[in-house]
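Computed from a predicted model, the values in this text were never measured in an experiment. The residues of the chain are indexed from 1 along the displayed sequence.
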Amino acid sequence: MLLHVIARGRIGRSPEGELVDRYAKRLGKDFKVTELPDKGGTLPPPAFTPVRTVALDERGRQLSSSEFARILERWRDDGVREARFLIGAADGHDEALREKADLLIAFGACTWPHMLARAMLAEQLFRATSIIAGHPYHREG
């Protein structure tokens, strides 16, 4: 299953960008990042179908890493070919996008800069794939 991060804003050369690159290398060919301008632009069409859309949103569910992994594993086992993870600009997502998303997730009650959220998401995607694969990267409890 392709794990596709679609984020507003350019991360460029930055510590956050280096973290995203580090996890992208670990995730390999099943990971992709698409950058959109802060305003405007359109979401690219899905590379594969069926597809699931996850929006990172302050109103979203707070999942443990294991819960997140189980969701991705279930989607994969159900034949989902692409999971898209949308990260908005500073003002977040509009209501229409939130309503269309299959899942809303939040990284806690704090507000995170969208560039840092991108690095955190890349790490959580790597962690989830490690959990699914039974790799010892994740330590429970």
Side-chain angles (χ1 to χ4, degrees), residues 1-140:
M1 176 170 64
L2 176 65
L3 304 172
H4 188 177
V5 175
I6 302 171
R8 296 259 174 211
R10 299 230 177 261
I11 203 165
R13 287 187 170 149
S14 65
E16 300 90 348
E18 290 175 18
L19 281 172
V20 172
D21 289 344
R22 179 184 305 167
Y23 289 108
K25 287 177 184 160
R26 292 179 182 182
L27 286 159
K29 64 178 178 50
D30 292 328
F31 180 75
K32 177 180 179 180
V33 176
T34 299
E35 293 182 328
L36 297 174
D38 284 337
K39 295 187 187 221
T42 57
L43 293 175
F48 303 102
T49 58
V51 63
R52 294 292 179 272
T53 301
V54 178
L56 273 67
D57 188 89
E58 63 187 3
R59 298 171 200 98
R61 291 174 51 192
Q62 295 182 38
L63 302 170
S64 71
S65 296
S66 294
E67 290 171 320
F68 185 54
R70 297 288 82 89
I71 290 170
L72 295 180
E73 183 177 38
R74 187 182 72 240
W75 287 351
R76 182 204 64 193
D77 292 349
D78 288 345
V80 173
R81 306 261 329 273
E82 180 179 353
R84 308 173 110 204
F85 300 87
L86 309 180
I87 301 175
D91 293 328
H93 301 294
D94 63 30
E95 190 60 34
L97 188 142
R98 282 192 297 270
E99 288 177 10
K100 288 174 59 176
D102 296 292
L103 177 64
L104 298 177
I105 62 172
F107 287 146
C110 295
T111 300
W112 297 99
H114 61 99
M115 296 302 175
L116 187 53
R118 194 182 310 188
M120 293 165 58
L121 176 60
E123 192 281 336
Q124 283 299 298
L125 289 169
F126 176 71
R127 183 175 297 274
T129 60
S130 297
I131 291 169
I132 293 166
H135 188 277
Y137 177 79
H138 178 72
R139 292 176 203 58
E140 198 71 46

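Taking both residues in full, the closest heavy atoms of E58 and A106 are given as O-CB, 4.0 Å, listed atom of the first, atom of the second, then distance. In plain terms, the two heavy atoms of H93 and L86 that are nearest each other are NE2-O, 3.1 Å.
In this structure, D91 places its CG atom where only 12 or fewer heavy-atom neighbours from other residues, nucleotides or ligands lie under 6.0 Å away. A 6.0 Å sphere centred on CZ of R61 holds no more than 12 heavy atoms belonging to other residues, nucleotides or ligands.
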Open item on the list: Set out, in order, the CA-CA distance, both residues' side-chain angles and the distance that settles side-chain hydrogen bond (donor to acceptor under 3.5 Å, both in side chains) for S65 and Q124, then state yes or no.
Closed with: CA-CA 7 Å; S65 296; Q124 283 299 298; 2.8 Å; yes
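A salt bridge is absent between R59 and E95: the closest approach of a Lys/Arg side-chain nitrogen to an acidic carboxylate oxygen does not fall below 4.0 angstrom. The pair R127-E123 counts as a salt bridge, with a side-chain nitrogen and a carboxylate oxygen less than 4.0 angstrom apart. Between R70 and E67, no side-chain nitrogen of the basic residue sits less than 4.0 Å from a carboxylate oxygen of the acidic one, so the salt-bridge criterion is not met. Here R98 pairs with D57 in a salt bridge; the nearest charged N to carboxylate O distance falls below 4.0 Å.
Taking OG from S130 and CG from L27, the interatomic distance works out to 8.0 Å, rounded to the nearest 0.5 Å. With values rounded to the nearest 0.5 angstrom, L63 atom CG is found 9.0 Å from F107 atom CZ. We find the CZ-CD distance between R8 and E35 to be 11.5 Å, quoted to the nearest 0.5 Å.
Note on ring orientation: taking the six-membered ring where Trp is involved, the planes of F68 and F85 are perpendicular (angle over 60°, cut-offs 30° and 60°).
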